[in-house]
Peer 1: 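Please read through the structure below; I'll follow up with questions.
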Amino acid sequence: MRIRSVLTALALVLGALFAPGVGVLTAADEAHAAVTRISHSTATSMFGASGITWSSSGGCSDRNNPTCTSFEQLNLASAKGAQTLKSASGCALNITGGTETGHAGGTYSHWNGYKLDFSKYTCLGSYIKNTFTYIGVRGDGSPQWKSGAGNVYADEGNHWDVTFYNCGGC
């Protein structure tokens with residue numbers, strides 16, 4: 001009889017923890033926890049295979065150096081999102097910012113693997129503005145467009161700052 005009481009109590013506790021909108025786990029926590037991170041070398045292999053280039057003002061890839069362009073701990077969905085952008089747009093893509101220190105913080109940040117910066121090319125800008133939905137300006141004044149998949153493209157003046165919440169329909 002004692003085992004049955006313990007199992008019943010356990011079932012009630014687990015039910016409370018995992019009920020939608022209740023308990024410890026939330027959808028955002030679950031999504032954040034389910035992120036697959038990749039290494040710099042895996043990302044560069046993926047980008048190279050898709051014809052995506054990358055550059056660094058410091059000519060380096062050290063994640064802890066703000067003048068480098070690093071892909072260490074990049075979310076797999078972000079890397080696939082860049083590949084999707086390349087194939088869908090047909091435009092040249094050059095990544096100028098990855099997961100290195102020196103960018104703004106937050107959950108959906110460069111450091112956490114959600115953002116990549118791209119060089120501004122006419123082809124890419126035209127594709128973003130003609131394909132995605134304008135959603136207004138960000139707090140810093142950067143105009144933004146949102147893809148059908150939910151990824152956000154911000155025009156920061158000298159580059160595109162892209163937040164990849166997913167792979168963009170890969």
Side-chain angles (χ1 to χ4, degrees), residues 25-135 138 142-156 158-170:
L25 297 177
T26 65
D29 291 336
E30 291 169 2
H32 192 65
V35 169
T36 299
R37 310 282 177 143
I38 60 174
S39 68
H40 181 82
S41 62
T42 298
T44 57
S45 292
M46 291 174 69
F47 296 147
S50 296
I52 298 170
T53 61
W54 56 95
S55 57
S56 161
S57 60
C60 49
S61 61
D62 181 354
R63 179 168 160 84
N64 296 303
N65 182 336
T67 66
C68 297
T69 298
S70 175
F71 305 125
E72 194 62 41
Q73 296 297 306
L74 182 67
N75 296 340
L76 179 60
S78 299
K80 287 184 175 182
Q83 290 178 308
T84 300
L85 178 61
K86 169 71 175 161
S87 63
S89 69
C91 298
L93 290 185
N94 181 62
I95 302 171
T96 59
T99 60
E100 66 280 349
T101 191
H103 299 279
T107 301
Y108 299 103
S109 64
H110 281 273
W111 182 261
N112 287 335
Y114 288 92
K115 288 187 168 213
L116 291 171
D117 289 341
F118 295 92
S119 296
K120 282 187 82 174
Y121 298 131
T122 302
C123 178
L124 181 59
S126 295
Y127 176 78
I128 291 168
K129 292 175 182 179
N130 293 323
T131 306
F132 304 143
T133 303
Y134 178 73
I135 57 171
R138 209 165 55 180
S142 299
Q144 303 176 101
W145 287 260
K146 190 174 190 176
S147 73
N151 297 323
V152 177
Y153 297 73
D155 183 348
E156 291 192 346
N158 62 351
H159 68 273
W160 286 98
D161 176 76
V162 182
T163 307
F164 292 102
Y165 297 104
N166 57 64
C167 67
C170 59

Peer 1: Please list, chain by chain and in numerical order, all residues satisfying ring pair (Phe, Tyr, Trp, His ring centres under 6.0 Å) with His159, sequence neighbours excluded.
Peer 2: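 His159 satisfies ring pair (Phe, Tyr, Trp, His ring centres under 6.0 Å) with no residue once adjacent residues are dropped.
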
Peer 1: For Leu74 and Leu116, run side chain to side chain contact (heavy atoms under 4.5 Å, CB included): C-alpha distance rounded to whole Å, both residues' side-chain angles, the deciding distance at 0.1 Å, then the answer.
Peer 2: CA-CA 9 Å; Leu74 182 67; Leu116 291 171; 3.9 Å; yes

Peer 1: Please enumerate all residues that pass side-chain hydrogen bond (donor to acceptor under 3.5 Å, both in side chains) together with Thr67, with sequence neighbours excluded.
Peer 2: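 Thr67: side-chain hydrogen bond (donor to acceptor under 3.5 Å, both in side chains) contacts with Asn65.
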
Peer 1: Could you pull out every donor-acceptor pair under 3.5 Å between side chains of residues 92-100 and any protein atom, sequence neighbours left out?
Peer 2:
residue: Asn94; atom: OD1; partner: Thr53; partner atom: OG1; Å: 2.8
residue: Asn94; atom: OD1; partner: Trp54; partner atom: N; Å: 3.3
residue: Asn94; atom: ND2; partner: Ser55; partner atom: OG; Å: 2.9
residue: Asn94; atom: ND2; partner: Ser119; partner atom: OG; Å: 2.9
residue: Thr99; atom: OG1; partner: Arg63; partner atom: NH1; Å: 3.2
residue: Thr99; atom: OG1; partner: Ser70; partner atom: O; Å: 3.2
residue: Thr99; atom: OG1; partner: Glu72; partner atom: N; Å: 3.4
residue: Thr99; atom: OG1; partner: Glu72; partner atom: O; Å: 2.6
residue: Glu100; atom: OE1; partner: Ser70; partner atom: N; Å: 2.9
residue: Glu100; atom: OE1; partner: Gly98; partner atom: N; Å: 2.9
residue: Glu100; atom: OE2; partner: Gly98; partner atom: N; Å: 3.0
residue: Glu100; atom: OE2; partner: His103; partner atom: NE2; Å: 2.8

Peer 1: Atom CD1 in Ile38, atom CZ in Phe71: separation rounded to 0.5 Å?
Peer 2: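 Result: 9.0 Å between the selected atoms.
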
Peer 1: Looking at residues at least two apart in the chain, or sitting in another chain, which of them share a side-chain hydrogen bond (donor to acceptor under 3.5 Å, both in side chains) with Ser39?
Peer 2: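 Scan of Ser39 (side-chain hydrogen bond (donor to acceptor under 3.5 Å, both in side chains), adjacent residues dropped) gives Ser41, Thr42.
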
Peer 1: Show the nearest heavy-atom pair for residues Ser109 and Ala104, with the distance to one decimal.
Peer 2: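 Scanning both residues, the minimum pair turns out to be CB-O, 3.6 Å.
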
Peer 1: Which residue pairs pass the disulfide (SG to SG under 2.5 Å) test with at least one member in residues 61-90, sequence neighbours excluded?
Peer 2: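 For residues 61-90, and leaving out neighbouring residues, the disulfide (SG to SG under 2.5 Å) pairs sorted by first residue read Cys60-Cys68.
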
Peer 1: Who are the ring pair (Phe, Tyr, Trp, His ring centres under 6.0 Å) partners of Trp145, not counting sequence neighbours?
Peer 2: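 Here the qualifying residues are Tyr134, Trp160.
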
Peer 1: For a quick test of your reading: what N or O donor-acceptor pairs under 3.5 Å do the side chains of residues 76-83 make, sequence neighbours left out?
Peer 2:
residue: Ser78; atom: OG; partner: Gly113; partner atom: O; Å: 2.7
residue: Gln83; atom: NE2; partner: Met46; partner atom: O; Å: 3.1
residue: Gln83; atom: NE2; partner: Ser50; partner atom: OG; Å: 2.9

Peer 1: Suppose we screen for ring pair (Phe, Tyr, Trp, His ring centres under 6.0 Å). Which residues come up paired with Tyr153, at least two apart in sequence or across chains?
Peer 2: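 For Tyr153 the ring pair (Phe, Tyr, Trp, His ring centres under 6.0 Å) partners, ignoring immediate neighbours, are Phe132.
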
Peer 1: Can you sort out the partners of Ser142 under side-chain hydrogen bond (donor to acceptor under 3.5 Å, both in side chains), two or more places apart, ordered by chain and number?
Peer 2: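 Once residues adjacent in sequence are excluded, the partners of Ser142 under the side-chain hydrogen bond (donor to acceptor under 3.5 Å, both in side chains) criterion are Asp140.
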
Peer 1: Between the main-chain N or O of Asn166 and the side-chain N or O of Asn151, is there a donor-acceptor pair closer than 3.5 Å?
Peer 2: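 Yes, because the side chain of Asn151 sits within donor-acceptor range (under 3.5 Å) of the backbone of Asn166.
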
Peer 1: Filter on salt bridge (charged side-chain N to carboxylate O under 4.0 Å, His left out), then keep only pairs touching residues 104-124, sequence neighbours left out; what's left?
Peer 2: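 Listed by first then second residue: Lys115-Asp161, Lys120-Asp155.
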
Peer 1: The criterion is side-chain hydrogen bond (donor to acceptor under 3.5 Å, both in side chains); which residues satisfy it with Asp62, sequence neighbours excluded?
Peer 2: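 If we apply the side-chain hydrogen bond (donor to acceptor under 3.5 Å, both in side chains) test to Asp62, skipping adjacent residues, there are no hits.
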
Peer 1: Does atom NZ (Lys146) have a neighbourhood of more than 12 heavy atoms from anything else shown, all under 6.0 Å?
Peer 2: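 Atom NZ in Lys146 is not crowded, with 12 or fewer foreign heavy atoms closer than 6.0 Å.
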
Peer 1: Specify the closest pair of heavy atoms between Val152 and Gln144, including all atoms of both residues, with the distance to one decimal.
Peer 2: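 Looking at all heavy atoms of both residues, the shortest contact is CG1-OE1, 3.5 Å.
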
Peer 1: Nearest 0.5 angstrom please: Ser147 OG to Ile135 CD1, how far?
Peer 2: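 Answer rounded to 0.5 Å: 9.5 Å.
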
Peer 1: With the side chain counted from C-beta on, respond yes when Phe164 and Thr84 share a heavy-atom pair under 4.5 Å apart, and no when they do not.
Peer 2: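 Counting from C-beta outward, Phe164 and Thr84 never come under 4.5 Å.
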
Peer 1: Got a list of side-chain donor-acceptor pairs under 3.5 Å for residues 121-131, not counting sequence neighbours?
Peer 2:
residue: Ser126; atom: OG; partner: Thr122; partner atom: O; Å: 3.1
residue: Asn130; atom: ND2; partner: Ser126; partner atom: O; Å: 2.9
residue: Thr131; atom: OG1; partner: Tyr127; partner atom: O; Å: 2.7

